[in-house]
Enquirer: 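Quick one: the structure is below, questions incoming.
Nothing here was measured: the structure is a model prediction, and the numbers come from that model. To find a chain, count down the sequence lines: A is the first, B the second, and so on, and within it residues start at 1.
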Number of protein chains: 2
Amino acid sequence: MSDARQYFDLPSPFAMKRGGSLQGARIAYETWGSLNAAQDNAVLILTGLSPSAHAASNAEDPSHGWWEGMLGPGKAIDTRRWFVICVNSLGSDKGSTCPASLDPATGETYRLNFPDLSLEDVANAAQALVKSLGIEQLACLIGCSMGGMSALGYMVLHPGGVRTHISVDTAPQAQPFAIAIRSLQREAIRLDPSWHGGQYGDQSYPDIGMSIARKLGVITYRSAMEWNGRFARIRLDPEQREEQPFGFEFQVESYLESHARRFVRTFDPNSYLYLSRASDWFDMAEYGNGNVMEGLQRIRVEQALVIGVSTDILFPLEQQEQIAEGLQAAGAKVEFVALDSPQGHDAFLVDIENYSRAIGGFLARI
Amino acid sequence: MSDARQYFDLPSPFAMKRGGSLQGARIAYETWGSLNAAQDNAVLILTGLSPSAHAASNAEDPSHGWWEGMLGPGKAIDTRRWFVICVNSLGSDKGSTCPASLDPATGETYRLNFPDLSLEDVANAAQALVKSLGIEQLACLIGCSMGGMSALGYMVLHPGGVRTHISVDTAPQAQPFAIAIRSLQREAIRLDPSWHGGQYGDQSYPDIGMSIARKLGVITYRSAMEWNGRFARIRLDPEQREEQPFGFEFQVESYLESHARRFVRTFDPNSYLYLSRASDWFDMAEYGNGNVMEGLQRIRVEQALVIGVSTDILFPLEQQEQIAEGLQAAGAKVEFVALDSPQGHDAFLVDIENYSRAIGGFLARI
């Protein structure tokens, strides 16, 4: 096993849940550590909406990954013990086939001709990779945020495929507040005249829509409490201010702007739309005759750790409790950890100390 | 006193807090009930960002007002006892001078030549009206949402002008979360190419920016809890759906859209920008050597009722507690009411039963 970004060619055609299929599709992934002879030490990480498969630095790519503090030798997800795989979601533009990819049938970029994407498709693509690596059962499946929903889909669709599960800041279905936020993000992009019905190019690109979508994301990924301590009402220095009417004046505005600038041209807008909608569609109730708890009870794992944070407004703690209750009712031994980290939904990326303690402790006991 | 919308000509020039002045400016207001001979039964209501002075129906305008359930004969704000005045904020476009008004100096619409607007200007304009009506001291000053901040400004700038105060779902200063939301709303408008630096017209109008701003407003005025019960994941009927890619699919999306449609062309975008920024600027700490509590302690009233709601994410309950503590430390007899209404910040417009009980009870005791 090498430690660089690798590509896995999905079985072709790859059937999509809501109809249609992909020809010659692939997903990007990275690995850390080594698969043991018994092939029972594999950990799969499914990510949130925007991260790549580069969860942590490795030999070929020493740059810091999005979960650098969590993953590595001696860390909570200890790569001396575990063979860790992180997948770039199908439909995401960090190496996996997505709406910005070429459609081999036409030689043109898919754009809106990409078939409807669901998180079950993300899960199935990841599972196909796991199987191809000779892994019958994951020692642990970890899902963060959107990846937590993909993980639930993975487990309900592939019984026996997962021994233990770690659910991080996620939900068994999107609630209307989260749907409203994501719908507005999508609207900001698709109503940007430069989106051109998905036919944008480098010269005419929905920068404004993407910027608004990202800022709204950052606002809802964080918490008011954190910002009170961090930004309060601190003003920008005069030389940092914009010259235009109603330009930025407070540090919090400049913070949002810098986040947006880093995002706007590094994430394909159509791919964002597809993944965002897939998050709204996901619903464990589909697997339980319209009932979320029944759907969760169809999942079979030995043990699970469910973590959430009280300051998360996008995936509120009650939804983590639901997951914990559902998995427990299904027979799993479940640990439920409710953190008070001030950082909101993003706490799993920031409060490494508390998340490490919970995740490292759980993995040490399985 | 008549009961119709009336106009009060402000002293000219009317000096603005941050510099500049208005010539020939006016504010629109409505009244209910009669001022008694002692002139000690006047209640002034300062409104949130978007409402007009039409708080309730009256003889000349029988249409329902924005606080219809609260205000009238026999209601919590009993117009048989109180002479009630509601003012359309200076800078708002519901009859008061605002950026959409003609600048008498040029004969052109002010647009961005309107001077910087602060909530202290809103307060001073309202106070000038009160004085012109022969009222030395208000029996009660009621401020809701943005109007609650204007009310704090009124009281700190006009000592002795207010006997009792009712503070509804407001804050002594904008916190960074609220600033971030409002900044993003302003950005949606000013980055809409049809805003044209404030020079829009009926043919090219920032509909998209205004729609996004309004939807973001409605999302933050409400609460996730309410929507779970109200919308859950209910889908629109197929015939209600839009035909376009990524069009609305869930009821909550259609709810936001209907709110936005009612707002977009009924509120002047430049006026919205001015009032929104004024809300960010307002800070009681300015009156207390940089300290909010010290600023609040400069306010002198006999009694106060401070109401907030635990589900408000824009004006969180801790900020109402701050107001209550500050007024109490200044010597007022303060009642603090923390409600659990599920409707979020907008609870004062919806949960009339609980707000009536608190406000009616307080007014009955003064």
Side-chain angles (χ1 to χ4, degrees), chain A residues 112 173-181 183-184 186-194 197-198 207-209 211-212 215-216 218-220 222-228 230-234 244-253 255-257 273-274 276-277 280-281 283 285 313-314 316 318, chain B residues 112 173-181 183-184 186-194 197-198 207-209 211-212 215-216 218-220 222-228 230-234 244-253 255-257 273-274 276-277 280-281 283 285 313-314 316 318:
Chain A
L112 304 195
Q173 62 176 192
Q175 287 184 338
F177 180 83
I179 292 174
I181 294 283
S183 172
L184 191 52
R186 293 194 296 273
E187 234 183 322
I189 296 169
R190 64 191 179 89
L191 295 184
D192 185 328
S194 300
D207 295 284
I208 292 171
S211 176
I212 288 173
K215 288 183 182 187
L216 183 51
V218 174
I219 289 173
T220 53
R222 293 288 172 149
S223 89
M225 193 205 300
E226 183 205 24
W227 285 2
N228 288 342
R230 187 167 173 182
F231 300 116
R233 292 178 53 82
I234 300 170
Q244 52 193 287
F246 302 97
F248 304 139
E249 181 175 341
F250 293 92
Q251 278 196 356
V252 67
E253 297 179 280
Y255 164 82
L256 290 177
E257 180 67 13
L273 293 171
Y274 272 83
S276 166
R277 184 177 57 179
D280 282 356
W281 277 338
D283 188 358
I313 58 174
L314 210 53
E318 309 88 77
Chain B
L112 304 195
Q173 62 175 191
Q175 288 185 338
F177 181 83
I179 293 174
I181 294 283
S183 172
L184 192 52
R186 292 193 296 273
E187 236 185 318
I189 296 168
R190 65 192 178 88
L191 296 184
D192 184 328
S194 300
D207 296 284
I208 291 171
S211 175
I212 289 173
K215 289 184 181 187
L216 183 50
V218 174
I219 290 172
T220 54
R222 293 289 172 150
S223 89
M225 192 206 298
E226 182 205 24
W227 286 2
N228 287 342
R230 186 165 171 183
F231 301 115
R233 292 179 52 81
I234 300 170
Q244 52 192 288
F246 301 97
F248 305 139
E249 182 175 339
F250 292 92
Q251 277 195 356
V252 67
E253 297 179 279
Y255 165 82
L256 290 176
E257 180 68 14
L273 293 171
Y274 271 83
S276 166
R277 186 177 55 180
D280 282 355
W281 277 338
D283 187 359
I313 59 174
L314 210 52
E318 309 88 77

Enquirer: Please look at A:Leu216 and chain B and tell me whether the side chain, the backbone, both or neither of the residue comes under 4.5 angstrom of a heavy atom of that chain.
Expert: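 A:Leu216 touches chain B through backbone and side-chain heavy atoms alike.
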Enquirer: Count the heavy-atom pairs under 4.5 Å between each of B:Glu253, B:Glu318, B:Arg230 and chain A, then report the option with the highest count.
Expert: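 Highest number of heavy-atom pairs under 4.5 Å: B:Glu253.
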Enquirer: What residue, out of B:Gln251, B:Arg233, B:Arg277, has the most heavy-atom pairs lying under 4.5 Å from chain A?
Expert: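 When all of B:Gln251, B:Arg233, B:Arg277 are compared, B:Arg233 has the most.
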Enquirer: For the atom pair OG (A:Ser223) and CG (A:Leu314), what is the distance rounded to the nearest 0.5 Å?
Expert: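 Rounded to the nearest 0.5 Å, the OG-CG separation comes to 13.0 Å.
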Enquirer: Between atom CG of A:Asp280 and atom CD1 of A:Ile179, what is the distance when rounded to the nearest 0.5 Å?
Expert: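 A:Asp280 CG to A:Ile179 CD1: 5.0 Å, rounded to 0.5 Å.
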Enquirer: Tell me which of these, B:Gly198, B:Pro193, B:Ser183, has more heavy-atom pairs under 4.5 Å with chain A than the rest.
Expert: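 Top count of heavy-atom pairs under 4.5 Å with chain A: B:Ser183.
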Enquirer: Could you look at A:Ile234 and say if it's the side chain, the backbone, both or neither that has a heavy atom under 4.5 Å from chain B?
Expert: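 Neither part, no heavy atoms under 4.5 Å.
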Enquirer: For B:Gln244, which atoms come within 4.5 Å of any heavy atom of chain A: side chain, backbone, both, or neither?
Expert: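 Just its side chain gets close to chain A.
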Enquirer: Select, from B:Arg186, B:Lys215, B:Arg190, the one with the greatest count of heavy-atom pairs under 4.5 Å involving chain A.
Expert: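 Most heavy-atom pairs under 4.5 Å with chain A: B:Arg190.
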Enquirer: Can you tell which of B:Ile208, B:Val218, B:Leu184, B:Ile313 has the highest number of heavy-atom pairs within less than 4.5 Å of chain A?
Expert: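 When all of B:Ile208, B:Val218, B:Leu184, B:Ile313 are compared, B:Leu184 has the most.
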Enquirer: If you measure from CD1 on B:Ile219 to CG on B:Leu256, what distance do you get to the nearest 0.5 Å?
Expert: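 It comes to 5.0 Å.
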Enquirer: Answer with side chain, backbone, both or neither: which region of A:Leu191 has an atom nearer than 4.5 Å to a non-hydrogen atom of chain B?
Expert: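 For A:Leu191, heavy atoms of backbone and side chain both lie under 4.5 Å from chain B.
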Enquirer: Below 4.5 Å from any heavy atom of chain B, which atoms of A:Leu112 appear? Answer side chain, backbone, both or neither.
Expert: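 Interface part for A:Leu112: side chain.
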Enquirer: Nearest 0.5 angstrom please: A:Arg222 CZ to A:Phe231 CZ, how far?
Expert: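 It comes to 8.5 Å.
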Enquirer: Using non-hydrogen atoms only, which part of A:Ala232 is less than 4.5 Å away from chain B: side chain, backbone, both, or neither?
Expert: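 Contact with chain B is through the backbone of A:Ala232 alone.
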Enquirer: So, for A:Ala180 and B:Val252, which heavy atoms are closest and what is the spacing to 0.1 Å?
Expert: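 Answer, listing the atom of A:Ala180 first, then B:Val252: CB-CG2, 4.2 Å.
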Enquirer: Any chance you could measure A:Leu273, atom CG, to A:Ile189, atom CD1, to the nearest 0.5 Å?
Expert: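 That separation rounds to 4.5 Å.
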Enquirer: Among B:Ala174, B:Pro316, B:Gly209, which has the most heavy-atom pairs under 4.5 Å with chain A?
Expert: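 The answer is B:Ala174.
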Enquirer: So B:Phe177 and A:Trp227, would you call those rings parallel, tilted or perpendicular, with 30° and 60° as cut-offs?
Expert: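 Tilted: the ring planes of B:Phe177 and A:Trp227 meet at 30° to 60°.
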Enquirer: What's the spacing between B:Trp281 CH2 and B:Tyr274 OH if we round to 0.5 Å?
Expert: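 If we round to the nearest 0.5 Å, B:Trp281:CH2 and B:Tyr274:OH are 8.5 Å apart.
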Enquirer: Given that the side chain runs from C-beta out, which part of A:Phe250 has a heavy atom under 4.5 Å from chain B: side chain, backbone, both or neither?
Expert: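 It is the side chain, since no backbone atom gets that close.
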